[in-house]
2 protein chains.
Amino acid sequence: MAAERNGGNDNSKTRDAILDATESIMREQGYAAVSSRRVAEQAGLKSQLVHYHFGTMDDLFLALFQRAGAAYFERHVQAMTSDDPLRALWELITDRTGMELIFEFMALSNHRKPIRAEMARSNQRTRTLQAALLTKALEQRGITPDVCPANVLSVLMSGVALALVSENAIGNSIGHADTLSFVERLMQKTTPPRVAGKTGARGRPRKR
Amino acid sequence: MAAERNGGNDNSKTRDAILDATESIMREQGYAAVSSRRVAEQAGLKSQLVHYHFGTMDDLFLALFQRAGAAYFERHVQAMTSDDPLRALWELITDRTGMELIFEFMALSNHRKPIRAEMARSNQRTRTLQAALLTKALEQRGITPDVCPANVLSVLMSGVALALVSENAIGNSIGHADTLSFVERLMQKTTPPRVAGKTGARGRPRKR
DNA sequence: GTCTATAGGCCGATAGAC
DNA sequence: GTCTATCGGCCTATAGAC
């Protein structure tokens, strides 16, 4: 073990290239396909550099997860400041490219303790932020929380989005179009009051 | 490649032992930990027997998935004939031990075409059966399908269950208790009419 | 159907030169 | 920070004896 693993202040291009390559392999071939040699090849480097910059492979996974988790959290923050936070959140969590990396980490973390711990922290942070966002959104739409509490709505929405994205990845879309228009109808039934001259809250068409 | 791979009519103890060992490793250490050597060790056999009986490792995964998928489908069929199909389905899909293997296969299948194809088939079959079950359950409870179509409800329930189980595995339970009692309340609000002298449809207590 | 033996390959990780 | 070289290990899969 050399004298690195310095958390993030070694922001060299090499480090980023390694993380980029790891992310790309995870997305396209799954976490099980990540090896120091493959990562290095993808990044145009020698495999030893992976170990030099990140230590063990688990350390590499952890570093990538921290980067991805922070980016995902940032997207939530942006959704929160959107004109229509509810719709912005829904679009965020049903975005397949955003979810596929997280799905890989979920599977990976199920059997690696240190990654699981980080995953739990990130997931809790996201849930808390989602609940705050939804509290605001429900209030904006004049829905009292006794109909459905914000934290419950967060679990419901996350779950449905997870089902849609993961089943879609597998190749089953039975009921998906109906579910999307069902959600669309729920959101339109409670359109927030327009505040300014912007028109960002109208729904886009969905095929049945 | 020898002269085996005979689908299932070679129902030797060895074959079952290999499948059992594979399932056990997948559950406890994840699909990436499955190797012919480890499977054989767990089953008390030589690793070459794995190849003799199943061919490639992908063939082994496929055989196990077929067995597990059939068992899971069978549990759905049993739920369908229950006194309270809606509750039986909910208990089935929120059962962690039932889901963890499926979750591994979902992750695995994302990057292996033949397994993905089988997964899609199984998932479609399950969705169709769930929709039939829910059609019956909604009717039984006097809910018209225009409130929420059965196939949509199937996606919603599957998703929420998936979120609960997978987040629980990670170690985040924020909002879960509230979600469970939310679902419980929905189910109790629409208790099916009792048909016989049995009392299987009352809810069991949930902590908030 | 189970055994021994083995080919051929990818893996993580480290040592030490520059 | 990057290079060359390398150790020791586990992997899939097959050949051939019994």
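Below, chain A is the first sequence line, B the second, and so on; all start at residue 1. Note that the structure is a prediction, hence the values are computed from the model and not measured.
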**Prompt:** Is the distance from OP1 or OP2 of D:dG1 to the nearest side-chain N or O of A:Ser12 less than 4.0 Å?
**Reply:** no

**Prompt:** Below 4.0 angstrom, N of the basic side chain to O of the carboxylate: do A:Arg75 and A:Glu91 qualify?
**Reply:** no

**Message:** Can a side-chain donor-acceptor contact be found between A:Thr97 and A:Asp95 if the only test is distance below 3.5 angstrom?
**Reply:** yes

**Message:** Can you tell whether the side chains of B:Glu23 and B:Arg27 come within less than 4.0 Å, N to carboxylate O?
**Reply:** yes

**Prompt:** Do A:Asp84 and A:Arg141 meet the salt-bridge criterion of a basic N to acidic O distance under 4.0 Å?
**Reply:** yes

**Prompt:** Starting at CZ of A:Phe54 and ending at C1' of C:dA13, how long is that distance when rounded to a whole Å?
**Reply:** 16 Å

**Message:** Under 4.0 Å between a side-chain nitrogen and a carboxylate oxygen: does that hold for B:Glu118 and B:Lys113?
**Reply:** no

**Message:** So if I take residues 20-48 of chain A and measure heavy-atom distances to DNA chain D, which residues fall below 4.0 Å?
**Reply:** A:Lys46, A:Gln48

**Asked** Given atom NZ of A:Lys13 and atom C1' of D:dT2, what is their separation to the nearest angstrom?
**Response** 16 Å

**Asked** OH of A:Tyr52 versus P of D:dC3: gap in Å, rounded?
**Response** 12 Å

**Request:** Write down the distance between CE (A:Met57) and P (C:dA13), rounded to a whole number of angstrom.
**Result:** 7 Å

**Message:** Over 60° means perpendicular and under 30° means parallel, so tell me whether B:Phe105 and B:Phe61 are parallel, tilted or perpendicular.
**Reply:** perpendicular

**Item:** Side-chain N or O of B:His51 closer than 4.0 Å to phosphate OP1/OP2 of D:dA13
**Value:** yes

**Asked** Roughly how many Å is it from CG in A:Leu49 to P in C:dA13, rounded to a whole number?
**Response** 15 Å

